[in-house]
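Right, one structure below, let's go through it.
Chain identifiers are assigned alphabetically (A, B, ...) following the order of the sequence lines, protein sequences preceding nucleic acid strands; residue numbering begins at 1 within each chain.
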Amino acid sequence: MPLTFIDIERQKNWRIAVFFLVLLLVYLAVALVVTAPLTDLTGPSTPRYWTVAVLLSFLAAGLHLWFSGGNAVAAVMHSLNARPPDPGDDIHRMFQNIVEEIHVVTGVKRKIQCAVIPSLSMNALAAADLQGNSLIAVTEGLLSRLTRPQAEAVVAHEAHHVLSGDCLETTVAASIFGTLSAALEKFRTLSSNRILFVPAVAVAWVLLKLSSLLNLFISREREYRADAAAVRMTRNPLALAEVFHLLSRSWRGAGFIGGGLEMLCIVNPQATTLDEREGFVADLLSTHPPLRKRMDIMLRMARVSVTELDARASGRNVRSAATAGPRYHAMSPKQVWQGPFTLQELAGLPWLGPLTWMTTDTAQAADRAWKDPLINAIFQARLAAPECKDSGMSCPSCCQPLKVTSQEGTQVSRCHFCAGTLIETAKIPRIIARTDRTNPCTERVTALARTVMKENQLRQVHRAFERSARSSVPALSCPKCGNRMYRGFYSMTHLIEVDRCSYCGLTWFDQDELAMLQCLIENRLVPDQGDMPATPSLQ
Amino acid sequence: MIGWIVLGLIVLVAVGVIAIYNRLVSTRNDVQGSWKQIDVQLKRRHDLVPNLVSSVKGAMTFEQDTLEKVMNARAKAVSATGMQARGEAENVLTQALGRLFAVMENYPDLKSNQNIMQLQEELTSTENRIAFARQLYNDLVANYRTRLQVFPNNLIASLFNFLPEEYFAAEEAARTAPAVDLSLKGK
């Protein structure tokens with residue numbers, strides 16, 4: 001291993017040349033096949049014929065390499081819909097800081113972009129291209145579940161891929177064949193010209209078959225090396241072991257991260273049995289080493305056993321559940337006891353006042369809300385609330401100014417009167433992914449979510465039945481552009497009604513709707529088929 | 001004939017000397033450049049510390065002692081001169097800050113303060129940058145020292161008065177490397 005990253009930077013990459021050679025041979029073969037009938041007419045192949053063929057395939061391979069590898073980082077970002085981190089978001093800011101920190105250790109020679117992939121899956125990838133751009137991207141799901149040291153370890157691992165240059169070779173490999181398969185798809189949909197279609201498909205098919213052979217070039221060793229380098233940078237093997245432990249039990253983005261991008265990732269999105277096997281064949285064909293073995297190496301460095309790691313991970317879960325605090329019941333203005341609420345939920349209740357009657361699970365008698373110092377703090381915070389920034393928009397349902405507040409570390413606009421929330425649609429995945437931190441799934445919200453879902457399920461069936469049926473509640477108007485917002489379910493499996501403005505990319509959640517959505521996704525509550533009344537057949 | 005051979009040898013030696021000299025200069029510049037990086041980050045930390053202290057002062061009335069230690073350590077670190085003294089003063093500051101962060105964990109209302117959380121994140125990030133910049137610096141110094149000491153280079157180094165650079169000492173407790181076995185074999 002070279003001494004510093006500056007030394008690594010100076011090493012050249014020979015594998016790119018190998019790819020170029022493979023491409024060259026493919027194009028040469030194509031040229032020969034296509035011109036084979038012509039040679040019959042002109043006589044036996046002459047030196048001139050060979051020169052022209054080689055030159056042409058050289059040109060074609062060069063253009064292909066440049067166009068696919070030249071701007072691969074932008075292509076990867078586009079295909080995954082990755083965005084640069086949002087400076088107004090705590091966790092994104094932390095991620096950006098970490099990338100800049102790691103950048104320092106590299107001697108600040110090469111700019112590394114960072115990006116966040118709006119997906120709940122857990123994976124991270126690095127990409128680099130021939131123009132010298134490089135990228136470290138992490139999914140929203142992984143980012144929100146990692147502690148700072150763990151995120152440092154992941155970024156350091158990816159940074160080593162970028163610096164050692166093996167990232168460049170995998171990106172180029174992925175894009176040579178990835179762009180091709182994408183182009184093939186596009187061609188198939190756009191073109192009806194059969195005559196052009198057949199040779200193009202033939203070339204693409206050959207290249208696609210070759211792409212599976214590419215795994216031969218991509219050595220498993222480089223993942224081990226990147227792990228070791230990550231430890232060398234961060235001095236924290238345990239953090240990386242914890243990341244692997246987490247990844248081994250989560251959705252790594254199978255079905256979302258595709259198109260030959262698997263080899264750029266920290267773990268293979270498709271959890272295959274081949275990856276977990278060892279031996280010659282697996283080493284040859286698989287791009288990622290067994291996760292178990294990588295974790296073992298890290299644990300050996302940290303001198304921690306797997307059982308200890310397991311205990312730690314489960315201990316953390318227990319602790320987060322235990323810190324829920326006391327449950328409160330409150331007397332609503334309609335003189336009905338409601339609850340149980342957590343302190344955080346109480347703060348969101350629009351009708352809660354200092355004179356509201358309150359009781360807790362443990363207390364025997366009811367008392368005024370102001371007598372509990374914890375609840376009294378809510379009222380003091382409300383008085384201080386005008387200090388928080390005005391979002392410049394007004395609440396679509398009660399027309400009061402919306403205030404910018406922080407939810408799960410990101411900025412949202414909230415109405416302090418009806419407790420509704422306005423969120424940019426792009427931010428929803430990250431709020432959903434971060435339920436671990438605050439745990440909005442209280443008993444009350446879970447129960448509410450089940451009821452609402454069941455109700456909405458019925459409503460959906462009715463709506464499909466009688467098409468003219470319209471919701472009796474008038475549509476809200478978008479607080480930004482004033483157009484009517486479209487009311488619909490968040491998705492067909494998550495039947496929570498939200499209002500969306502597709503022009504401004506905003507989504508409005510009424511009180512508790514956001515918490516219910518988080519809860520549905522966190523607990524995987526899906527519409528229950530058994531409880532439904534006999535489904536009327538839709539045509 | 002012999003004259004040509006001698007001339008050729010002289011030219012060869014001259015070219016060798018020039019190459020070695022140039023490489024030494026570029027390595028030394030790498031070292032000095034990376035020292036600038038540490039300097040930038042240390043300065044950043046010196047600027048951030050007073051902000052953090054003044055914003056947590058109100059909430060942490062019982063911990064005036066800890067806060068005072070941080071401020072004193074900062075003052076010493078700012079005024080320290082010379083590589084050795086600076087390294088030591090900065091390590092004291094790092095430890096004082098570490099204690100402050102540990103104590104801050106006991107004050108849950110500090111956690112709800114957006115401003116303080118941001119300052120803390122900035123400081124943590126700066127701490128890491130300092131550590132990483134130091135790693136890079138020490139790696140480069142080691143590289144440079146090796147270049148100075150190997151055989152033909154040491155003659156040229158003493159001829160042109162290249163001096164070895166000093167290491168930036170790491171604090172003992174905080175960032176000692178764990179017993180790391182980077183070879184993948186040991187089972």
Side-chain angles (χ1 to χ4, degrees), chain A residues 1-7 90-91 93-109 148-149 152 155-156 159 220-221 223-225 227-229 231-238 289 293-294 296-298 300-304 323 344 377 381 388-389 404-406 409 411, chain B residues 26-27 29-31 33-41 44 101 108-109 111-147 170 174-187:
Chain A
M1 191 166 178
L3 187 64
T4 68
F5 291 101
I6 291 179
D7 290 337
D90 292 347
I91 295 176
R93 200 167 337 103
M94 181 186 87
F95 172 53
Q96 184 148 26
N97 273 338
I98 291 174
V99 173
E100 278 166 22
E101 284 157 27
I102 300 289
H103 194 219
V104 168
V105 85
T106 63
V108 202
K109 287 281 154 120
R148 198 173 205 285
E152 277 168 20
V155 172
R220 277 178 155 186
E221 285 297 309
E223 292 294 334
Y224 287 129
R225 274 201 300 271
D227 289 347
V231 173
R232 188 167 168 270
M233 279 191 246
T234 62
R235 305 273 195 261
N236 193 348
L238 191 60
K293 196 175 173 206
R294 288 166 79 180
D296 280 346
I297 292 173
M298 292 298 133
R300 220 170 23 242
M301 285 186 199
R303 297 180 195 283
V304 174
T323 51
Q344 205 184 357
C388 64
K389 225 170 69 190
V404 177
T405 53
S406 154
Q411 311 247 307
Chain B
S26 85
T27 331
N29 285 346
D30 278 351
V31 170
S34 70
W35 172 251
K36 285 277 171 328
Q37 262 302 313
I38 302 186
D39 229 22
V40 168
Q41 303 304 341
R44 194 173 125 117
F101 285 158
D109 45 335
K111 290 224 159 171
S112 57
N113 187 327
Q114 193 79 20
N115 190 22
I116 290 176
M117 290 311 284
Q118 270 182 28
L119 271 174
Q120 195 179 359
E121 162 65 27
E122 285 298 309
L123 259 173
T124 314
S125 174
T126 312
E127 293 280 319
N128 280 344
R129 283 176 212 203
I130 292 170
F132 286 144
R134 175 165 51 210
Q135 261 184 56
L136 178 74
Y137 175 79
N138 284 344
D139 278 357
L140 288 174
V141 168
N143 195 5
Y144 175 60
R145 287 188 160 206
T146 320
R147 287 257 164 94
R175 253 190 189 262
T176 43
V180 173
D181 177 19
L182 285 181
S183 71
L184 301 171
K185 296 163 219 157
K187 275 239 161 173

Given B:R129 and A:E100, is the salt bridge (charged side-chain N to carboxylate O under 4.0 Å, His left out) satisfied, shown in steps?
CA-CA 8 Å; B:R129 283 176 212 203; A:E100 278 166 22; 3.2 Å; yes

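- Side-chain contact between B:E121 and A:R148 is present, with at least one heavy-atom pair separated by less than 4.5 Å.
- Across all their heavy atoms, A:V104 and B:L136 have their closest contact at O-CD2, 3.6 Å.
- Rounded to the nearest 0.5 Å, atoms CE (A:M94) and CE (B:M117) are 11.0 Å apart.
- For the pair B:Q135 and A:R232, the tightest heavy-atom approach, listed with the atom from each and the gap, is OE1-O, 3.6 Å.
- A:D90 touches chain B through its side chain: at least one heavy atom from C-beta onward sits under 4.5 Å away, while N, CA, C and O do not.
- The CG atom of A:N97 sits 7.5 Å away from atom OG1 of B:T126, with the distance rounded to the nearest 0.5 Å.
- Between atom OG of residue B:S125 and atom CD of residue A:E101 there is a gap of 3.5 Å, rounded to the nearest 0.5 Å.
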